[in-house]
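What follows is one structure encoded as structure tokens, with my remarks underneath.
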Amino acid sequence: MADYKEAPLATRPRTLDPNDYFNLSPEKRRADEERAALRANLKRQYQTQLNNPHRQELIEDPALTRWVFARTNPYPHFRPTFKTSMFGFMFGVAPLFALYFIFKTDRDRKEAQIKAGTRDRRLCLSS
Amino acid sequence: MLKILIPTMMLIPTTWLAPSKHIWPSALAHSLIIAIFSLLWLSSPGETGWWLLSNLMALDPLSTPLLVLTCWLLPLMILASQNHTSAEPVNRQRMYLMLLTSLQIFLIIAFSATEVLLFYVMFEATLIPTLILITRWGSQGERLNAGTYFLFYTLAASLPLLVALLILQKTTGSLSLLPLPYAAAFPLISVADKLWWAGCLLAFLVKMPLYGMHLWLPKAHVEAPIAGSMILAAVLLKLGGYGMMRMMVVLEPLTKELSYPFIILALWGVIMTGSVCLRQTDLKSLIAYSSVGHMGLVAGGILIQTPWGFTGALILMIAHGLTSSALLCLANTNYERTHTRTMMLARGMQMLLPLMTSWWFIATLANLALPPLPNLMGELMIITSLFNWSWMTIVLTGGGTLITAGYSLYMFLMTQRGPVPQHILALNPSHTREHLLLALHLLPLLLLILNPTLVWGWTA
């Protein structure tokens, strides 16, 4: 293990990087321990609920609830910026005008051909 | 006509006078008998013209499939609501059933009305029971907002319709649907005539809904209880389509020019709502947006006014009614077990409830318009007649079909396949009632493969 050399472009994980392992400042270690304590608390909460023999319902994940709410209610937080206005224009306004132009010219051309008699209008059942 | 209407009205005393043990079985049996009798309407004496004609009501090839669908749906709604209302006091359950029944009565009169004003009054009347269902029996706080959107969008759009109908009454002297196709065409030239044209159609377009005015639909679908969602998706949207098909006759010379914006909105709506479906987290919301897309195709088919367009629209309306209602019932079975509509929380259902997966599969295949189901037949006829109208529409309708297949598959794979979430301990097994409910939804759909002439309207 001591003479393990990783691949030239790889990075060592933080816990195995010798610079990080031996030179930790006390503040960093305290912060790390605090975070580990929070994580352990959440894990304990989850496992209490998971292993509760009287539990009938789903375990609620508050982060998921917040995420679902955020996905479904973006409207109060909408800010009209250049990017969002461009999106709205490109997908909501411009296609309507473009399609009107396309369909109108196509059908007017068809109508002009019918009036001039150049269009092949044999019996068409599938109209 | 009366032999269906009077038993439906008698369903109200049935729900109020039955002893509390027998409310649901007796209401279910009563409505199922009415539904089976309504199937007799399908044996029509002729391909065109009206039958069962009376002073105010009649049947014709356009209204018969929609009426049979409505009558068929009431026992299904009662079956679906049995579970979530079981915790409520008895009188509230009776109230619920009475609301469903009154909605049914209004819908039967609306679809069979021979006078356009009677249709309009019933069209408005259906809003009240639906509003009460959504705002009283929905499950989240957003239901109030949903009820407001639903009521005011539809009401505001239908007031111009009332004015337009009164103008029509004044100029023609009668609003009866029987002579309307044979009336002389009106010289519609001024700007006021164009506004009259828009007024006639706006209510139905908002009801369908058309893409730009569809905001009420996802809210109403998501917040409504299961019976409310079923009746909304399966029948109330079709009221809009039916009204449009009836009114098209009198709107004639202007429609060639003025319908372009609405056809474009409808077709672009297919693409946009399909794309929105691909990123939905809420299952019922996905089904609601897919309804908007399908109804956009129906609106496009009706607005181009060709025989195949109308036929395709009618077939798609019936097939979509059954399919959408089946999908909403399936979503409800998930909701009753997990009390969440988030798709990610109820994955891997195939491992847990394998029989339900078969129903999910058939309903998903119906939603993505698999041949030979009538969904495909309707969509194909609409797409073909739109192609004849202008060849560029194939880009929009083809892309729409592709996206529909995409999100239907996404919905199926998300709910059925994949790893089972670790926090799901125990789910109630599938009840026989739920299997019966879905069988009664999907069996008519499969049987319609064999005899599509029942639902294709006037095209003989």
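All of these numbers come straight from a predicted model, not from anything done at the bench. Letters A, B, ... are given to chains in the order of the sequence lines, protein chains preceding strands, and every chain is numbered from 1.
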Determine yes or no for a side-chain-to-main-chain donor-acceptor pair under 3.5 angstrom, with Arg71(A) supplying the side chain and Asp282(B) the backbone.
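No; judged by distance alone, with no hydrogens or angles, the pair does not exist.
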Looking at [X], I want to see if its [atom1] is surrounded by more than 12 non-hydrogen atoms of other residues, nucleotides or ligands under 6.0 Å.
X: Phe78(A); atom1: CZ; result: yes
X: Tyr46(A); atom1: OH; result: yes
X: Lys43(A); atom1: NZ; result: no

Atom pair [atom1]/[atom2] of [X] and [Y] - distance to nearest 0.5 Å:
X: Gln422(B); Y: Leu50(A); atom1: CD; atom2: CG; answer: 8.0 Å
X: Thr281(B); Y: Trp67(A); atom1: OG1; atom2: CH2; answer: 5.5 Å
X: Phe69(A); Y: Glu142(B); atom1: CZ; atom2: CD; answer: 6.5 Å

Flag the pair [X] / [Y] as yes when at least one side-chain heavy-atom distance between them is below 4.5 Å, and no otherwise.
X: Leu345(B); Y: Leu64(A); result: yes
X: Leu99(A); Y: Leu396(B); result: yes
X: Leu265(B); Y: Leu96(A); result: yes

Under 6.0 Å between the ring centres of Phe91(A) and Trp268(B)?
no
Quickly, which of Trp391(B), Tyr260(B), Trp389(B) forms a ring-ring contact (aromatic ring centres under 6.0 Å, His included) with Phe103(A)? Name it, please.
Trp389(B)
Quick check on [X] against chain A: is it the side chain, the backbone, both or neither that has a heavy atom closer than 4.5 Å?
X: Ser285(B); value: neither
X: Thr338(B); value: both
X: Arg279(B); value: both
X: Leu427(B); value: neither

Looking at Lys104(A) and Glu257(B), is any side-chain nitrogen of the basic one under 4.0 Å from a carboxylate oxygen of the acidic one?
yes
